[in-house]
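Notes follow the structure.
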Amino acid sequence: MLSTLKATARLMPSHCLLSKLLGPTLSFSSAFAAAAAAAAAPITSPYTLRRPSPTPSRLPLWALRRPGSVSRCAFPLPASSRGLSSGGGMGDHAVSYLSQKDAAEIDEILMGPLGFSVDQLMELAGLSVATSIAEVYKLSEYNRVLAICGPGNNGGDGLVAARHLHHFGYKPFVCYPKRTSKPLYTGLVTQLESLSIPFLSVEDLPQNLSDDFDLIVDAMFGFSFHGQPRPPFDVLIQRLASLSGIDNGFKRKLAIVSVDVPSGWHVEEGDINGEGIKPDMLVSLTAPKLCAKKFIGPHHFLGGRFVPPSIVNKYGLNLPPYPGTSMCVRIGKPPSVDISSLRENYISPELLEDQVMADPVDQFHKWFDEAVAAGLQEPNAMALSTSGRDGKSSSRMVLLKGADKQGFVWYTNYGSRKARELSENPHASLLFYWNSLHRQVRVEGTVQKVSDEESERYFHSRPRGSQLGAVASKQSTVLAGRHVLSQAFKDLEERYSDGSLIPKPEYWGGYRLTPTVFEFWQGQPSRLHDRLQYSLREVDGKQVWHIERLSP
């Protein structure tokens, strides 16, 4: 892990590090919609989600924009040099591997002329470990975490990771046999104690670690360690090494995560005798050490987005781009899985007939508001399914831009395939899927174009780039290449560079689906899901909604 590498502390273990700011997800979502829930004033445009009764203020659906793409931190990728070798999977580029000597030099530069402090780097390292764990190991399945921490900076990273895991909702325990009296480490211990995180002695550990823990963080020794581990770490390493047996689904009851270097491994040659720890996850820091070439587990993450160009150029580092705002990135080949074994046992409140609203549009608004409040990304994304006169169906994702008692509205190119099919068969279905809430909403009905005035209003509410894109794209037609579309967009940018009004093209506008059937689906354990269907029935000459339960 990271060393102080100051004149008075050159014997301390050292390592390189990183961080990754990411929320547990399931690995798939981040939030933008919470801002919509806190919008300042009720909207009365025809695109607003409306209810007959007063509702919390919200943005209109057409204001729910995709966030602009975040530029990635892509470092220059010169040829490897100075004891570095390349290999491993990284898309189009090969990731660099650091020798022990170069890793120590980089640490010294970071904490010398580049101005980083050891506690700052340790904080970044521990956070990166915690967020990598949260990305792979679900809180519901790997709640009990044991962090085994060594006496140096690798152990400090483990202490920091335990703190972050506690705040992420995990239940961490810490085994820290050889404490140091240095203020940095005593401060970390105080922080954990203030959170009531238990400290366990080696003697306190259960004989079978799998009985009490779901995941172990190996933070005993980093890349600066030399020689053979001494007691009690030799015994602890042996105990972790005995926990072998990763199955073909890359899952076992007790997972092991090693920080930067699996403890007991040779920093450059790896697990020399083949009897060392076999971690499920390795979180490499700054750049993988040479021993990482011998890592065969399913999850290899890299951190160190803070690395400046001067170090990248000096050491010829090939580093992958980090996605979005994340400071950790998966490297190497993702684990292969048996698709048939992928399953989720949903735990949700029951959806009962006497608890839902009489009108399905009101019930939709209730669930939609809850999806927004949950911070789901693009809660207005829906699958639109259409079919032409030939009966062949097609589906695609579009964005809902309005919903009221008259119907559900979206916008598109009138020359697209979906538009062509709707002209031949004006019946369609919509599907909303809110994974984190274990919910689906299915809507069926007839489709008509919205008025030109309505399309015009919405078109000019869009960002200018989206307006130009709608003009430039002849949706669903064949393109000779991306360059054709880019050039058309560039030409339009120049034409309207004076800020003048961009005319809505005649071939672009909205559709409204008038519902005839709704189905609200709530996932439940053992696949006994709740399915409530609303369908229109005629009673005393009036159309009313009838609710019935469907078998899952």
Side-chain angles (χ1 to χ4, degrees), residues 1-3 11-17 100 103-104 107 118 121-122 125-126 128-130 132-133 145-163 165 172-180 182 184-185 188-189 192 197-206 209 213 215-244 254-273 275-285 288-289 291-292 294-295 297 301:
M1 317 302 289
L2 270 165
S3 149
L11 296 181
M12 293 180 62
S14 65
H15 83 307
C16 310
L17 36 92
Q100 189 173 34
D107 244 13
V118 63
L121 293 174
M122 191 177 290
S128 73
V129 172
S132 297
I133 289 171
V145 179
L146 173 64
I148 304 179
C149 302
N153 288 349
N154 193 278
D157 292 348
L159 297 174
V160 173
R163 169 162 43 82
L165 288 170
F173 299 78
V174 175
C175 180
Y176 188 25
K178 296 289 185 180
R179 301 192 184 192
T180 174
K182 295 181 183 298
L184 171 59
Y185 298 90
L188 293 176
V189 170
L192 297 179
I197 294 175
F199 279 79
L200 306 177
S201 68
V202 175
E203 293 73 24
D204 291 333
L205 296 178
L209 294 173
F213 307 109
L215 184 145
I216 293 180
V217 177
D218 160 32
M220 288 180 272
F221 300 112
F223 71 76
S224 66
F225 182 78
H226 296 272
Q228 294 298 316
R230 297 178 180 178
F233 297 106
D234 54 349
V235 174
L236 289 169
I237 289 173
Q238 290 173 12
R239 294 186 67 179
L240 296 190
S242 68
L243 297 170
S244 59
L254 182 62
I256 299 176
V257 176
S258 288
V259 179
D260 204 31
V261 175
S263 295
W265 281 29
H266 190 283
V267 177
E268 297 184 352
E269 298 178 24
D271 183 14
I272 297 175
N273 59 16
E275 299 178 355
I277 298 173
K278 295 176 175 59
D280 302 87
M281 174 187 281
L282 175 63
V283 184
S284 292
L285 302 171
K289 312 311 173 284
C291 66
K294 306 295 178 65
F295 172 69
F301 280 78

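For clarity, every value in this text was computed on a predicted model and none was experimentally measured.
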[Y] side chain reached by [X] side chain, heavy atoms, under 4.5 Å:
{"X": "K178", "Y": "P232", "value": "yes"}
{"X": "M220", "Y": "P229", "value": "no"}
{"X": "V283", "Y": "V259", "value": "no"}
{"X": "P177", "Y": "L236", "value": "yes"}
{"X": "C175", "Y": "L205", "value": "yes"}
{"X": "L240", "Y": "I216", "value": "yes"}

Would you compute the distance between atom [atom1] of [X] and atom [atom2] of [Y] and round it to the nearest 0.5 angstrom?
{"X": "D260", "Y": "C291", "atom1": "CG", "atom2": "SG", "result": "7.5 Å"}
{"X": "M122", "Y": "L159", "atom1": "CE", "atom2": "CG", "result": "8.0 Å"}
{"X": "H266", "Y": "Q100", "atom1": "NE2", "atom2": "CD", "result": "7.0 Å"}
{"X": "I237", "Y": "S263", "atom1": "CD1", "atom2": "OG", "result": "5.0 Å"}
{"X": "I277", "Y": "S258", "atom1": "CD1", "atom2": "OG", "result": "5.0 Å"}

Quickly, which of L200, I148, V189 forms a side-chain contact (heavy atoms from CB on, under 4.5 Å) with Y176? Name it, please.
->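 One option only clears the test, and that one is V189.
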
List the residues meeting side-chain contact (heavy atoms from CB on, under 4.5 Å) with [X], not counting sequence neighbours, and say none if there are none.
{"X": "P288", "answer": "V95, Y97, S284, A292, H300, L302, I331"}
{"X": "P206", "answer": "L209, D212, F213"}
{"X": "K294", "answer": "W265"}
{"X": "V145", "answer": "L165, Y170, L215, V217"}

Residues forming a salt bridge (charged side-chain N to carboxylate O under 4.0 Å, His left out) with R239, sequence neighbours excluded =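 In terms of salt bridge (charged side-chain N to carboxylate O under 4.0 Å, His left out), with neighbours along the sequence ignored, R239 is linked to no residue.
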
So F221 and F233, would you call those rings parallel, tilted or perpendicular, with 30° and 60° as cut-offs?
-> perpendicular

Determine, stepwise, if the pair D107 / F223 fulfils side-chain contact (heavy atoms from CB on, under 4.5 Å).
-> CA-CA 11 Å; D107 244 13; F223 71 76; 3.9 Å; yes

How would you list, by chain and number, every residue that makes a side-chain hydrogen bond (donor to acceptor under 3.5 Å, both in side chains) with D204, sequence neighbours excluded?
->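 For D204 the side-chain hydrogen bond (donor to acceptor under 3.5 Å, both in side chains) partners, ignoring immediate neighbours, are S201.
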
